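Accompanying notes for the structure given below.
Quick caveat, the model's predicted, so the values are computed rather than measured. Protein chains get the first letters and strands the later ones, always in sequence-line order, with residue 1 at the start of each.
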There are 2 protein chains.
Amino acid sequence: MATTAAPDTRKTPAEPSDTLLRQFVGYNMKRAFMLIQDDITETLAPLGLRIGTFSALAVVVGSPGISQTQLSQVLNIKRSGVVVVVDELERAGVLERTPVYSDRRAYALQVTPAGKRLWRRAERAMQAHEAALFADLDAKDLRIFQDLLSRVARSAARHRRGSAN
Amino acid sequence: MATTAAPDTRKTPAEPSDTLLRQFVGYNMKRAFMLIQDDITETLAPLGLRIGTFSALAVVVGSPGISQTQLSQVLNIKRSGVVVVVDELERAGVLERTPVYSDRRAYALQVTPAGKRLWRRAERAMQAHEAALFADLDAKDLRIFQDLLSRVARSAARHRRGSAN
DNA sequence: TATTGTTATACTCTATAACTATA
DNA sequence: TATAGTTATAGAGTATAACAATA
């Protein structure tokens, strides 16, 4: 039945790989992002921040007085998710829910002085991290990449708006 | 104390936005990917596939006889996660666990004829989907984008290997 | 009636750890 | 002892739905 000479060396055709998936832009985007996500998490952890809280802090720094509903829209998450993030940042003394006198249902989110200091540290840490992470790409390539990313995002958003949902 | 004229119009400085976050490549990658992820899910759903099962199917099509451990390495997930995905694909009659006579612990994964037909349909659906999704970008831009994505992934992987983990 | 923030709950994805059967 | 596959369980992250206070 079995040949006695020449053992079977093709257990799997050479190296198993994701060749068929690499044709897809979506797969390559996911793969690249997953690779840097863990790095980002590790960069933020010493500052007591997660990706979600870092993002929320950035938006409140850039748009002081923003409401939680507005924050949910900017970050593309649900209002119920914002509550968790704001709770965490408020507990850490990073931001505050201040009353809105014209609408007593809503809160105006404000960054505390400690929050501003934390943001400056976090921003610098992330900038340093990305500089190291993308050391292989020169400034011009990075600009092109950023531009293509925003064009891809715009194209996808348009496509999404165009379809039925 | 308070001026009696001119009501307070700056509830929030104009439009709240994520300006401070856009400086980061990681944020733009996440944002762009999130936008297309839902689209991909909707493209695969009619075929009975999720992103995870689609990816696994693609790898087994491209590397027939691959083991579950190898598959976990290619897809960058844990072996326990592979079990779930392979269970689902096997239940759907898309692939099979065939015995490996040289190692009775392991399975060689094989795509069934139905699985091959499903893959061809899924591949075409995804190609059509991406063509529509990235309609705003010409072929040259897309090639540049793909190239930059793989360079970013390589750079990130190198950075990751270099640091202590 | 509609909206803001909140809570409880559930779902998806993935990770960890302990187990079995083989090696 | 180590490895392949499996199972149970737990943890993020996010979504849905119902609720109170207010508009």
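For residues 48-62 of chain A, the pairs satisfying salt bridge (charged side-chain N to carboxylate O under 4.0 Å, His left out) are R50(A)-E88(A), with sequence neighbours left out. Residue pairs meeting the ring pair (Phe, Tyr, Trp, His ring centres under 6.0 Å) criterion with at least one partner in residues 57-79 of chain B, sequence neighbours excluded, are absent. Evaluation of the salt bridge (charged side-chain N to carboxylate O under 4.0 Å, His left out) test over residues 62-71 of chain B, restricted to residues two or more places apart or in two chains, returns none.
Scored by the side-chain contact (heavy atoms from CB on, under 4.5 Å) test, T19(B) finds S17(B) as partners (sequence neighbours excluded). Residues passing the ring-ring contact (aromatic ring centres under 6.0 Å, His included) test with F33(A), sequence neighbours excluded: none. Scanning for side-chain contact (heavy atoms from CB on, under 4.5 Å) contacts around D103(B) gives V100(B), R105(B), A106(B), with sequence neighbours left out. With sequence neighbours excluded, the residues satisfying side-chain contact (heavy atoms from CB on, under 4.5 Å) with I77(B) are L75(B), V82(B). By the side-chain contact (heavy atoms from CB on, under 4.5 Å) test, R104(B) pairs with no residue at all, sequence neighbours left out. Shown here are the salt bridge (charged side-chain N to carboxylate O under 4.0 Å, His left out) partners of E90(A), two or more places apart in sequence or in another chain: R97(A).
Remark: P of dA15(C) and CD of Q37(A) are 11 Å apart, rounded to the nearest angstrom. As rounded to whole Å, 17 Å separates atom P of dC13(C) from atom CG of N76(B).
If you take CZ on F145(A) and CG on L149(B), they are separated by 4.5 Å, rounding to the nearest 0.5 Å.
The footprint of chain A on DNA chain D, defined by a heavy-atom cutoff below 4.0 Å, extends from dG13(D) to dA23(D).
Within residues 81-101 of chain B, the residues having any heavy atom closer than 4.0 Å to DNA chain D are, in order of number, V83(B), R97(B).
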Check nucleotides 1-4 of chain C for protein N or O atoms closer than 3.5 Å to its own N or O atoms and list the pairs.
{"residue": "dT3(C)", "atom": "O4'", "partner": "R105(A)", "partner atom": "NH1", "Å": "3.4"}
{"residue": "dT3(C)", "atom": "O2", "partner": "R105(A)", "partner atom": "NH1", "Å": "2.6"}

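Take the nearest nucleotide of DNA chain D for R50(A) and for R104(A): the residue whose nucleotide is more 5' is R50(A).
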